[in-house]
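Beneath this line is the structure, given in structure tokens, with notes to follow.
Reckoned from all heavy atoms, side chains included, excluding hydrogens, waters and symmetry mates. Small disclaimer: the values here were computed from a predicted structure and weren't measured.
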Amino acid sequence: APSVRTDEPTKVTLASNLDLEEGEHELKVDAKKAAGRKMDQPLTKNIVVDTTPPTLDILPSANAKLGSNDVEIKLTFNEEVDLDSVITEGIDQKDKSSTTNNKIFTAKINMPDGNKNLNVVAEDKAKNRVSKTVSFEVDANKVLDIALQEPTFGTSATNTFNIIVKTDNN
């Protein structure tokens with residue numbers, strides 16, 4: 001049986017030692033005034049015990065090769081969540097996403113060619129967190145761009161030097 005503590009004249013704390021399983025449970029509370037008059041209807045509320053983080057599917061999928069700079073992102077959760085962050089290239093893109101049910105979020109983000117990481121963090125109503133990262137490649141420019149980085153301006157002041165080139169993809 002729960003222990004009862006009266007914090008204020010109108011507030012009662014029921015400390016339960018029950019170890020409830022995950023899922024929905026019904027709470028019923030009936031009370032009466034000091035004068036003995038009972039409530040018209042007992043309070044009945046559903047309480048959900050949720051210790052499992054939400055699941056998350058992300059599109060584009062891991063290792064996808066995208067042929068457009070306009071990247072369509074779709075985040076699908078198995079329950080309602082609050083998005084904490086949607087980070088790509090060090091920028092939180094959460095404000096670019098939209099949802100109608102807090103379970104499916106979509107966004108369209110323009111990204112330059114290259115290898116990308118998309119990291120998503122969210123939590124459900126019980127504050128269970130999920131974090132997931134996918135890596136993919138944006139390759140809208142079908143011609144591989146190669147640029148000389150060193151020696152700067154293609155000129156070296158020494159006979160021995162490093163040559164460094166950079167591409168827009170791997």
Side-chain angles (χ1 to χ4, degrees), residues 1-140:
S3 64
V4 179
R5 185 178 80 233
T6 304
D7 300 322
E8 304 167 12
T10 59
K11 182 178 175 183
V12 174
T13 300
L14 303 171
S16 173
N17 59 356
L18 297 174
D19 187 14
L20 298 176
E21 293 180 9
E22 185 153 342
E24 191 170 305
H25 304 274
E26 186 177 78
L27 171 70
K28 287 186 178 182
V29 179
D30 199 358
K32 63 181 177 177
K33 292 184 176 189
R37 192 172 123 206
K38 285 186 132 192
M39 297 173 60
D40 290 337
Q41 290 289 327
L43 171 70
T44 302
K45 290 287 182 181
N46 288 331
I47 296 176
V48 176
V49 175
D50 179 3
T51 61
T52 305
T55 61
L56 167 59
D57 290 318
I58 300 177
L59 290 177
S61 58
N63 303 314
K65 286 191 175 217
L66 308 177
S68 172
N69 294 111
D70 290 326
V71 177
E72 294 188 26
I73 295 173
K74 183 177 180 183
L75 311 173
T76 305
F77 298 89
N78 66 326
E79 61 182 304
E80 289 185 24
V81 299
D82 291 323
L83 279 180
D84 288 342
S85 60
V86 178
I87 297 176
T88 183
E89 299 187 296
I91 300 170
D92 192 347
Q93 308 283 0
K94 176 177 73 171
D95 293 339
K96 292 184 179 178
S97 66
S98 62
T99 184
T100 57
N101 62 4
N102 288 343
K103 291 170 86 173
I104 299 174
F105 295 80
T106 57
K108 192 174 212 177
I109 301 171
N110 188 279
M111 296 182 192
D113 276 19
N115 297 311
K116 310 297 176 192
N117 290 317
L118 176 66
N119 179 263
V120 178
V121 179
E123 62 182 32
D124 63 16
K125 290 181 180 186
K127 304 297 184 199
N128 298 309
R129 294 175 69 80
V130 61
S131 177
K132 188 172 183 180
T133 300
V134 295
S135 298
F136 56 91
E137 181 182 348
V138 176
D139 189 14

TODO: Verify whether one side chain among T88 and Q93 offers a donor that lies under 3.5 Å from an acceptor in the other.
DONE: no
Open item on the list: Strictly below 4.0 Å, N to O, side chains only: are D30 and K38 in salt-bridge contact?
Closed with: yes
TODO: Measure the spacing between CG of D40 and CZ of R37 and express it to the nearest 0.5 Å.
DONE: 6.5 Å
- [ ] Scan D124, D57, L83, I104 and name whichever one has a side-chain contact (heavy atoms from CB on, under 4.5 Å) with F77.
- [x] L83
- [ ] Drop me the distance from I58's CD1 to K74's NZ, to the nearest 0.5 angstrom.
- [x] 13.0 Å
TODO: For residues H25 and L20, report the shortest heavy-atom separation together with the two atoms involved.
DONE: NE2-CB, 3.8 Å
- [ ] Taking all non-hydrogen atoms of both residues into account, name the closest pair between F105 and S97 and its distance.
- [x] CD2-OG, 4.2 Å
Open item on the list: As an exercise, state the distance from OG of S135 to CG of N115, rounded to the nearest 0.5 Å.
Closed with: 8.0 Å
- [ ] Drop me the distance from I91's CD1 to S85's OG, to the nearest 0.5 angstrom.
- [x] 13.5 Å
Task: Test applied, side-chain contact (heavy atoms from CB on, under 4.5 Å); reference residue, K108; option that passes from D70, I73, V71 - done: D70
TODO: Grab the two heavy atoms, one from E89 and one from P112, that are nearest each other, plus how far apart they are.
DONE: OE1-CD, 3.8 Å
TODO: Mark yes when over 12 heavy atoms from residues, nucleotides or ligands other than E26 sit less than 6.0 Å from its CD; otherwise mark no.
DONE: yes
- [ ] Please name the pair of heavy atoms, one in N46 and one in E24, separated by the smallest distance, quoted to 0.1 Å.
- [x] ND2-OE2, 3.1 Å
Task: Polar contact flag, side-chain donor to acceptor under 3.5 angstrom, N78-T55 - done: yes
Task: Flag, side chain of N63 to backbone of K65, donor-acceptor distance under 3.5 Å - done: no
Task: Separation of I87 CD1 from K94 NZ (nearest 0.5 Å) - done: 9.5 Å
TODO: Taking atom types as modelled, find out whether D82 and N102 have a side-chain donor-acceptor pair closer than 3.5 angstrom.
DONE: no
Open item on the list: Measuring from atom CE of M111 to atom CG of L118, what distance do you get when rounded to the nearest 0.5 angstrom?
Closed with: 6.5 Å
TODO: Mind listing the closest non-hydrogen atom pair of P53 and N128 along with its distance?
DONE: CA-CB, 3.6 Å
Task: Shortest non-hydrogen contact between V49 and E22, atoms and distance - done: O-CG, 3.1 Å
Open item on the list: For the backbone of L66 and the side chain of D139, can you confirm whether one donor and one acceptor N or O come within less than 3.5 Å of each other?
Closed with: no
Open item on the list: Could you go through R129 and D84, starting from their C-alpha distance and side-chain angles, then the distance that decides it, and tell me whether this counts as side chain to side chain contact (heavy atoms under 4.5 Å, CB included)?
Closed with: CA-CA 9 Å; R129 294 175 69 80; D84 288 342; 2.6 Å; yes
Task: Member of V130, V134, V121 meeting the side-chain contact (heavy atoms from CB on, under 4.5 Å) criterion with L56 - done: V130
